[in-house]
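In this text, all values refer to a predicted model and were calculated from it rather than measured experimentally.
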Amino acid sequence: MEELPNANLMHTESPPPGNFIRQIVEDDLQSGKHTTVVTRFPPEPNGYLHIGHAKSIWLNFSLARAFGGVCHLRMDDTNPLKEDAEYVEAIKRDVHWLGFDWGAKEYHAADYFQEFYDCAVQLIKLGKAYVCDLSAEEVREYRGTLTEPGRLSPWRDRPVEENLELLSRMKNGDFEDGSRTVRAKIDMASPNINLRDPAIYRIRKVHHHRAGDAWCIYPMYDYAHCISDSIEGITHSICTLEFENHRPLYDWFLDTLERPVHPQQIEFSKLKLQYTMLGKRKLREMVSDGLVDGWDDPRMPTIAGLRRRGYTPEAIRALCEKVGVTKSEVWTELSYLSECQRDDLNVKAHRVMGVLRPLKVVITNYPEGQIEELDAAYFPDDVGLPGSRKVPFGREIFIEQDDFMEDPPKKYFRLQPGGEVRLRRAYIIKCQEVIKNDAGAVVEVRCTYDSDTKSGGSGEHRKVKGTIHWVEATTSVLAEVRLYEELFTVEQPDNIKDGDYRDFLNPNSRVVLPDARLEQSLAQSKVSQRFQFERQGYFIKDLDSTAEKPVFHRIVPLKDGWAKELKKQ
Ligand code: ATP
Ligand code: MG
């Protein structure tokens, strides 16, 4: 994919994140607890990555980089049912696109299956684990509640030899799914329910996309995760807050197994974005049920969707930095993301003119058949970057339908009967006549122009209140433009309690404008190239474009207004 020069990279990547986790790492290096930093990003390959994952990726990779360490990419692929090789490839593509590289440090938790098993044998020999024959329902019953302690499983004191034999037979497929589990022997009266003899293995006679049919038992997350971290020599195991209550278990496994490497688990709060639903399970459902066009639908909060929409990795990293790393649960306003995106594209995207909903204007005193070429800089003075192109001007132009009003309210400074307006980079025109169709709709406006008022003319500085954009009709490029709003109409879609999230989908999340008109220079544009269409926002040329008709997505408008409008309704 073609990228414009990356002028903002230094800004977003330096200095590295300042936050409480960085402080812990710094202290550990200073005290000599560690001499190097090893972090990991451990996605479960059961869906595409979303912007929440981007935060974790950014945090783990940039922390390691800040201290000259490394960050591993670990596929947390211990769960055989939900995973798919397609997701593994998508995850790698997305991490790279975000600007991070794991080098040779790609790992798969499934490659540690034997080691997990050996650890279970060790726990059994230590008298710290047992094979339990209670059914899932009985286990739940025995577990107790927040206010009542649990009860001991009748299988808790099984002899070591018997446990070892049963474990081996479980592995080999002698028992049915769900008939037995291996459980850690910890404390059924612990106030922390996670410590009430949690399961470490369950029977699942299913194929695994990496390990094949070698295993009939699969390890539980809490058990596998800490051992994986230890195997890889992770120093700081960063995860999100819902694992805070699991930390004692993380530590118990590693202490009990006397692992030489005992990483420190540190939790931070998840990124949550207003009007945006994260959570791979629901996103997967939206894709499979056809509520969106796919994982890379430009309305999706997936990295693939954000990329297709035209967001830049620089903007996403800048958002992570701006939101910061804390332990408090906040819903981040979407305007944070759009502001980061505008900041980035402001210094990268050429300013061009495109009319999204065209209205024809005929300039009656402009010579028929004449086209003149006006110089137009690609960047405004305050950005100060070089480059310009020629923009044709002629007798017939298009303006936006809403830049004309026949019967305008006060303070409407755009075109109106008898009124004047400046055409951006060109002349002042005056509306002389309005032409309507049989249904009474305005189909054409006839104007005259003041030939002294273009750049360099004696009337260059003549003041009129409004300036509008336009494109010359005969040279313009017909294009499809897609505008987007958020997918959901509620601020916290992950928190929807009453009813289904489907009831809160925004019917206007995508608006297709099939006959937009763009200035001539855009005929040469390439897929993935980004522009600012003046007054309309930042756009990207999409891969749906054909030779006859380009397709552009709006990445962000120039101002945020949508959520505020919605609140007023
Ligand atoms: P989801 O809830 O979307 O299904 P997950 O946590 O189950 O996400 P994993 O693949 O297990 O997805 O997550 C990989 C890593 O990304 C984990 O370390 C997880 O804590 C982190 N992560 C997931 N969602 C967020 C988020 N919203 N903000 C920050 N980190 C996140
Ligand atoms: Mg998960």
Side-chain angles (χ1 to χ4, degrees), residues 44 76 78-82 109 113 115-206 215-228 230 239-259 265 267 281:
E44 190 180 349
D76 204 339
T78 55
N79 189 343
L81 285 183
K82 291 181 294 187
F113 277 162
E115 203 141 354
F116 298 148
Y117 185 82
D118 294 343
C119 286
V121 168
Q122 192 185 337
L123 286 176
I124 287 174
K125 286 182 177 163
L126 289 166
K128 296 293 187 183
Y130 58 98
V131 174
C132 178
D133 298 0
L134 294 180
S135 68
E137 199 175 319
E138 288 166 327
V139 167
R140 223 169 295 130
E141 227 175 87
Y142 274 69
R143 188 179 294 135
T145 63
L146 283 173
T147 49
E148 282 168 47
R151 284 180 290 140
L152 302 185
S153 162
W155 310 101
R156 208 173 192 256
D157 290 319
R158 240 178 184 144
V160 169
E161 285 314 314
E162 192 179 320
N163 278 323
L164 288 175
E165 195 206 321
L166 286 171
L167 172 65
S168 151
R169 292 181 57 197
M170 282 169 71
K171 169 187 184 280
N172 294 332
D174 286 356
F175 309 117
E176 289 315 303
D177 283 14
S179 59
R180 290 188 160 86
T181 52
V182 181
R183 298 173 69 180
K185 195 193 280 188
I186 308 181
D187 178 5
M188 287 306 291
S190 171
N192 183 343
I193 292 181
N194 294 311
L195 295 177
R196 294 184 188 171
D197 291 11
I200 65 179
Y201 268 108
R202 59 191 164 158
I203 303 174
R204 279 256 173 119
K205 293 188 187 172
V206 287
W215 297 87
C216 294
I217 53 173
Y218 289 95
M220 304 302 288
Y221 177 87
D222 282 331
Y223 172 69
H225 200 85
C226 57
I227 297 173
S228 305
S230 173
C239 62
T240 41
L241 274 183
E242 70 272 24
F243 290 102
E244 200 164 23
N245 286 332
H246 298 238
R247 191 184 339 127
L249 188 52
Y250 186 103
D251 290 331
W252 186 90
F253 282 126
L254 297 183
D255 285 338
T256 308
L257 289 163
E258 295 183 25
R259 299 283 311 183
Q265 177 179 309
E267 309 86 15
R281 190 182 62 77

Self-check item: Which residues share a salt bridge (Lys or Arg N to Asp or Glu O under 4.0 Å) with R281, sequence neighbours left out
Solution: E285
Self-check item: Pairs satisfying salt bridge (charged side-chain N to carboxylate O under 4.0 Å, His left out), at least one member in residues 246-256, at least two apart
Solution: R247-E267
Compile the donor-acceptor pairs under 3.5 Å between side chains in residues 147-154 and protein atoms, sequence neighbours left out, one pair per line.
residue, atom, partner, partner atom, Å
T147, OG1, T145, OG1, 3.2
S153, OG, W155, N, 3.0

Practice problem: Mind checking salt bridge (Lys or Arg N to Asp or Glu O under 4.0 Å) for E176 and listing every partner two or more places apart, or none if nothing turns up? | Solution: K205
Using atom types as modelled, flag every donor-acceptor pair under 3.5 Å from a side chain in residues 184-195 to any protein atom, sequence neighbours excluded.
residue, atom, partner, partner atom, Å
K185, NZ, R156, O, 3.2
D187, OD1, A189, N, 2.9
D187, OD1, S190, N, 3.4
S190, OG, N192, N, 3.0
S190, OG, N192, O, 3.2
N192, OD1, N194, N, 3.0
N192, OD1, N194, ND2, 3.2
N192, ND2, N245, O, 2.9
N194, ND2, N245, O, 2.8

Quiz item: Say you draw a straight line from CD1 of I200 to CD1 of I217; how long is it, rounded to the nearest 0.5 Å?
Solution: 9.0 Å
Quiz item: Would you find a donor on one side and an acceptor on the other, under 3.5 Å apart, between the side chain of N172 and the backbone of S168?
Solution: yes
Quiz item: Is a side-chain donor or acceptor of S179 paired with a backbone partner of F175 at a separation under 3.5 angstrom?
Solution: no
Quiz item: Out of curiosity, I203 CD1 to T181 OG1, how far, rounded to the nearest 0.5 Å?
Solution: 8.0 Å
Quiz item: Which residues satisfy the salt bridge (Lys or Arg N to Asp or Glu O under 4.0 Å) test with E138, sequence neighbours excluded?
Solution: none
Quiz item: What residues form a side-chain hydrogen bond (donor to acceptor under 3.5 Å, both in side chains) with D222, not counting sequence neighbours?
Solution: H246
Quiz item: Residues in side-chain hydrogen bond (donor to acceptor under 3.5 Å, both in side chains) with T240, at least two apart?
Solution: E242
Quiz item: Going by the angle between their ring planes, with limits at 30° and 60°, are F113 and Y218 parallel, tilted or perpendicular?
Solution: perpendicular
Practice problem: Under the side-chain contact (heavy atoms from CB on, under 4.5 Å) rule, collect the residues that match up with E137, sequence neighbours excluded. | Solution: S135, R140
Quiz prompt | Contact list for residues 123-134, test side-chain hydrogen bond (donor to acceptor under 3.5 Å, both in side chains), sequence neighbours left out | solution = Y130-D197, D133-R158, D133-R180
Practice problem: Please collect all ring pair (Phe, Tyr, Trp, His ring centres under 6.0 Å) contacts where either partner lies in residues 182-204, sequence neighbours excluded, each pair once. | Solution: Y201-Y223
Practice problem: Check whether any side-chain N or O of Q265 sits under 3.5 Å from a backbone N or O of F243 as a donor-acceptor pair, and report yes or no. | Solution: yes
Self-check item: Results of side-chain hydrogen bond (donor to acceptor under 3.5 Å, both in side chains) for S230 - residues two or more places apart only
Solution: R259
Practice problem: Quick one: pull up CG in D76 and OH in Y221 and give me the separation to the nearest 0.5 Å. | Solution: 5.5 Å
